[in-house]
Amino acid sequence: MVKSYLKFEPSKSFGVVASSSSNIVWSSKDKSKSSAGQAVIAANEEVLVWDIKKGELLSRWKDENNRALVTAIAQSKTDPDLFAVGYENGSIRIWDSKIATSVVSFNGHKSAVTILAFDKAGVRLASGSKDTDVIVWDLVAEVGQYKLRGHKDQITGLRFIEPEPVVQEEDGEQALMAVDNEGTEGFLLTTGKDSLIKLWDLSSRHCIETHVAQSNGECWALGVSPDLSGCVTAGNDGEMKVWALDVVALAASAQRVDLSQSVNFLHDRGTLHRSSKERAVEVIFHPRRDYFAVHGVEKSVEIWRIRTESEVKKSLARKKKRRKEKLAKDKKGADVDMEDEGADDITKAEISDVFAQHVIVRTTGKVRSADWAIQQGSKDLQLLVGSTNNMLELYTIVGKDKLKSKSDVPDYNKALGVDLPGHRTDIRSLSLSSDDKMLASAANGSLKIWNVKTQACIRTFECGYALCCAFLPGDKVVVVGTKEGELQLYDVASAALLESVNAHEGHAIWALQVHPDGKSVVSGGADKTAKFWDFKIVQEQVLGTTRTTPKLKLVQSRILKVSDDILSLKFSPDSKLLAVSLLDSTVKVFFVDTLKLYLNLYGHKLPVLSMDISYDSKLIVTSSADKNIRIWGLDFGDCHKALFGHQDSILQVVFIPHNSEGNGHHFFSASKDRTIKYWDADKFEQIQRIDGHHGEIWALAISHAGNFLVSASHDKSIRVWEETDEQIFLEEEREKELEELYESTLTTSLEQDTDAQDENREVAAASKQTVETLMAGERIAEALELGLADLNVVKEWEVAKASNPNLAPPQRNPIFMALGNITAEQYVMNTLSKIKASALHDALLVLPFASVPMLFTFLNLFALRSMNIPLTCRILFFMLKTHHKQIVSSRTMRGMLDGIRVNLRQALRKQKDEMGYNIAALRVVGMQIEERSVKGFVDEKWEEEEAQKKEVRKRAFASVS
């Protein structure tokens, strides 16, 4: 009989506050003034929404089918509930934050999405990627419109530029220029790592302007001012370039065709230098005030301020005065007035006069991303910062208007933070309590105790650089071994450090193991010794009194000296043997009672990093930096099998601790190659590969019941994998792995080799073949064949029925009968409409040209019967565009197209008439409602006040451009 195994599935993931793979977005959810808003943040493959004030997790957006890292997040300006999230595999999903589900998914990029931007109306999304392409997506039709090529390296900045209709002064009156904004699609500003800044006209879909954005290497960030009058690009060595954008000319050019080549809309206004020399990561303008934030990968964010017009004039006047004084000294006063005629003109001002550094915010960790938080009623500036060390901070910064005098230095303070639900550094060790309800995780600088069921962090202790940890019997105390050679005892209930013992004189403690009887613990370190410690309860005097209090102490009982550093220790469950792995790649097995050597296990080429002994003390499994797992018998020390287990060092192995279901000889291994594997030590077979982590897996812990496994990784996440009732058969698993491999190579080979001429074109179709589109294409082909066969059967029957009226109905395909005796065209239409809009074009590309006449036969029927006209038109036009040359040269297709044209025109005309009638009726109803309910009151001064406000808020870009 074929042996079956039970499958382990991911069940929980926690410990991540913010991943450093993506930017962060601040969002104001509720309008109550008490809340500090929400942070929308990437956590590996999920997106988390944190309440910044309470520090609690509000929602978790997770797609079961997605394992790729989140690399970019953007919020829609019109619908604040809609977020676009880009992933490492090039896919994009649109999430609705209210229901925490993915609404649409797009596939078009070949590699990680680096930046996303919504347009003003929220109907288009632009995405930039590491594959150097920019794709514009239509969110209403749910399709990719086109791909813009031109950059030679990854896209680092992206922004829609949609100018307002221009107001021009004519003979003292204001006249609105006839800019039909509906007709134009606006412009797109992009920057790339290739140090170029490009301006694209989206109506004609080509690049109208290119400049070199940075003088020294790559351009890493782009920030555009809210009023679109200018932008700032940032690159290496702390260099930032300021560009003025001529929006008025841009809006005017949108309607003109004969643009002369010499017109430039972007003007280089000069260079600013940050105080840090690191490369920039982001430039973010404040949406309402004259500030912008810029940061690199260091522990600070620089806040720059754009000076007001009056400040710039004062600065210019001061400079002019100094120059006059200097010239007067040189006895050249006669020429002064001539030289300084235009000195008051602020368009001549140097860029350093217009932009001033406001304050440098020093953060706790290295900054990965920042975003402005705009709170109702708050006068101060607030900046949300996500760090690379897994934490969130909200800083309050005093604005220029709040400073009492000119000499005051702007102050800032950390208002709020979210840091408790995660470690700052990589978790190096995990330990489960005896009832499997608590989990201890130890990292450099912190030890945390978690509730496994609720994933809540119950306790946080400060410790040294922890390398190993274990719960002591009774689950009240956790012992930690550190890199500094100390054994530290922490009491979980009182959250206190009970004792710290300098166990290995400053040498790292690499391993700890509690004796199976629970009365002692052994520690192994880099000082080439294993030390045995007994737990003693000592009555200790309370200071200043005669009373004593019981206290737990570690007392050294024995010592075992070996020839090299100890990397791992393990007691056998029957407590007779102690296995010790050394730096010289050997494993030595000693008797526990006499400490005499029992076995020497040779075979690994590199040091053994971890080992475990099975429940019956018969097998020992060792894992090494040489990527091999070896299974040994503990009776004679013979190597049963050496398995090439992983693609990198294997850091942990654990056996299932009991044999209740005959799985006592099954074990797990975890490696730097980001995978966990489940093995059968009797058959030497891999049972299952468990993927999910995005970094090397440092620690594993298995529950005492053997029903779940906990792993901790460099990606800062702690993941729980639960045993399910689903059975695994080894042959099926091998087949599945081969299929995955085949599918991954299949889609890449199907990506059509673009012609040489197509490669150099600026605009291309936004398409990408995935397994989903291939399967959809196959479904269409199958439906067409079935449908055509059925059409022929029905046609023959109708011909025969004309001569023989009593003829029985024909024998149709059982599928049509099962679906309620539907017509062939209805079946094909159902198949087509079930395919996602975003995958339809790619699915149609899968069809061979031989299927096109069949498809057109059905398109004719759809047009005749007026079935789903939008979809019919979309398929028809796409197929005509794709196979234009073949269709034109085919005589049979021409007659078919004539028929489609006639039928489609009739259907479209009918729909147009219906719509026109409905719109007219709605207008009448609207007018009737208005007459009954609305009384027209007009505030005459309102327009004037608004105009004045706009004047005041004119940005400095306008004044210097």
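- For Arg424 (side chain) and Asn389 (main-chain N/O), a donor-acceptor pair under 3.5 Å exists by modelled atom type.
- Ser581 places a side-chain N or O within 3.5 Å of a backbone atom of Val608 that can act as its donor or acceptor partner.
- Of all the heavy atoms in Gln38 and Val49, the pair that sits closest is OE1-CG1, 3.3 Å.
- Side-chain contact between His604 and Thr622 is present, with at least one heavy-atom pair separated by less than 4.5 Å.
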Please assess Leu552 against Val477 for the test side chain to side chain contact (heavy atoms under 4.5 Å, CB included), listing each intermediate value before the final yes or no.
-> CA-CA 9 Å; Leu552 181 71; Val477 179; 4.2 Å; yes
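- Remark: the His646 side chain and the Ser669 side chain contain an N/O donor-acceptor pair separated by less than 3.5 Å.
- With Asp673 contributing its side chain and Thr675 its backbone, the two residues share a donor-acceptor pair below 3.5 Å.
- Side-chain atoms of Ile41 and Val47, non-hydrogen and from C-beta on, never get closer than 4.5 Å to each other.
- Taking CG from Asn502 and CD from Glu486, the interatomic distance works out to 5.5 Å, rounded to the nearest 0.5 Å.
- Counting all heavy atoms, side chain and backbone alike, Leu709 lies closest to Phe668 at CD2-CD2, 3.7 Å.
- Under 4.0 Å is where a charged nitrogen must lie from a carboxylate oxygen, and between Arg279 and Glu298 no such pair does.
- Every residue two or more places apart in sequence or in another chain was checked for a ring-ring contact (aromatic ring centres under 6.0 Å, His included) with Trp510, and none qualifies.
- Sorted by first and then second residue, the ring pair (Phe, Tyr, Trp, His ring centres under 6.0 Å) pairs involving residues 448-505 (not counting sequence neighbours) are Phe14-Trp450, Phe461-Tyr490.
- Taking both residues in full, the closest heavy atoms of Lys483 and Leu467 are given as CA-CD1, 3.8 Å, listed atom of the first, atom of the second, then distance.
- Among all heavy-atom pairs drawn from His694 and Asn44, the shortest one is CD2-CB, 3.5 Å.
- With Ser624 contributing its side chain and Leu606 its backbone, the two residues share a donor-acceptor pair below 3.5 Å.
- Once rounded to the nearest 0.5 Å, the distance linking CG of Leu512 with OG of Ser429 reads 7.5 Å.
- Here the closest heavy-atom approach between residue Leu609 and residue Ser568 is recorded as O-CB, 4.0 Å.
- A salt bridge is defined here as a Lys NZ or Arg NE, NH1 or NH2 lying under 4.0 Å from an Asp or Glu carboxylate O, and Arg67 with Glu45 fails to meet this definition.
- Using modelled atom types, no side-chain atom of Ser369 and backbone atom of Asn23 make a donor-acceptor pair closer than 3.5 Å.
- Within the 4.5 Å cutoff, side-chain heavy atoms of Met611 are placed close to those of Val587.
- Remark: Trp304 CH2 to His358 NE2 distance equals 13.0 Å, nearest 0.5 Å.
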Run the numbers on Leu700 and Leu430 for side chain to side chain contact (heavy atoms under 4.5 Å, CB included), then give the verdict.
-> CA-CA 6 Å; Leu700 272 186; Leu430 291 171; 6.0 Å; no
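- To the nearest 0.5 Å, atoms OG (Ser671) and NZ (Lys627) are separated by 9.0 Å.
- With no hydrogens or angles considered, a side-chain donor-acceptor pair links Ser446 and His423 at under 3.5 Å.
- Between the side chains of Ser21 and Glu88, no donor N or O sits under 3.5 Å from an acceptor N or O.
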Side chain to side chain contact (heavy atoms under 4.5 Å, CB included) evaluation trace for Lys677 with Ile629 = CA-CA 11 Å; Lys677 289 186 179 178; Ile629 296 168; over 6 Å; no
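- Applying the side chain to side chain donor-acceptor pair (under 3.5 Å) test to Gln539 and every residue at least two apart in sequence or in another chain returns Thr548.
- Closest heavy-atom contact between Arg362 and Ser300: NH1-CB, 3.7 Å.
- Judged by distance alone, the side chain of Thr425 and the main-chain N or O of Asn444 form a donor-acceptor pair under 3.5 Å.
- With contacts defined as side-chain heavy-atom distances shorter than 4.5 Å, the pair Ser13/Ser717 qualifies.
- Between the side chains of Lys366 and Thr388, no donor-acceptor pair of N or O atoms lies under 3.5 Å.
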Verdict with reasoning, Val398 to Tyr412, per side chain to side chain contact (heavy atoms under 4.5 Å, CB included) = CA-CA 6 Å; Val398 178; Tyr412 67 88; over 6 Å; no
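- For Ser28 (side chain) and Gly37 (main-chain N/O), no donor-acceptor pair under 3.5 Å exists by modelled atom type.
- Contact annotation: the side chain of Trp533 never approaches that of Ser520 to less than 4.5 Å [non-hydrogen atoms, C-beta and beyond].
- With a 6.0 Å radius and a threshold of 12 heavy atoms from other residues, nucleotides or ligands, Lys414 has its NZ atom above the threshold.
- To the nearest 0.5 Å, atoms OG (Ser276) and NZ (Lys299) are separated by 13.5 Å.
- In this structure, Asp371 contributes its side chain and Trp26 its backbone to a donor-acceptor pair below 3.5 Å.
- Side-chain N/O atoms of Glu499 and Gln488 include no donor and acceptor closer than 3.5 Å.
- Between Phe655 and Tyr615, the ring center distance fails the sub-6.0 Å criterion.
- Although no hydrogens or angles enter the test, the distance criterion places a donor-acceptor pair under 3.5 Å between the side chain of Asn390 and the main chain of Val17.
- By the 6.0 Å contact criterion, NZ on Lys12 is enclosed, its count of non-hydrogen atoms from other residues, nucleotides or ligands being greater than 12.
- Side-chain atoms of His693 and Ser711, non-hydrogen and from C-beta on, do get closer than 4.5 Å to each other.
- Ring pair Trp61/Phe83: centre-to-centre distance below 6.0 Å.
- At a threshold of 4.0 Å, the pair Glu505-Lys531 counts as salt-bridged, since one of the basic side-chain nitrogens sits closer than that to a carboxylate oxygen.
- Annotation for Lys54: atom NZ does not count as buried by contact number, only 12 or fewer foreign heavy atoms lying within 6.0 Å.
- Taking 4.5 Å as the limit, some side-chain heavy atom of Lys588 sits within range of a side-chain heavy atom of Leu582.
- Residues Arg547 and Thr545 have side chains that never bring a donor and an acceptor to within less than 3.5 angstrom of each other.
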Please walk me through it: do Gln652 and Ser623 pass side-chain hydrogen bond (donor to acceptor under 3.5 Å, both in side chains)?
-> CA-CA 7 Å; Gln652 290 286 332; Ser623 73; over 6 Å; no
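- Between Leu392 and the options Val385, Leu384, Leu416, a side chain to side chain contact (heavy atoms under 4.5 Å, CB included) holds for only Leu384.
- Annotation: the span from His704 atom NE2 to Ile656 atom CD1 amounts to 14.0 Å, rounded to 0.5 Å.
- For Gln647, the CD atom is loosely surrounded, since the number of other residues' heavy atoms within 6.0 Å does not exceed 12.
- Ring planes of Tyr291 and Trp372: tilted class, angle from 30 to 60°.
- In this structure, the side chains of Ile374 and Gln382 stay at 4.5 Å or more apart for every pair of heavy atoms.
- At distances below 3.5 Å, not a single donor-acceptor pair connects side-chain atoms of Ser703 with backbone N or O atoms of Asp436.
- Salt bridge status for Lys716 with Asp426: present, with a side-chain N to carboxylate O gap under 4.0 Å.
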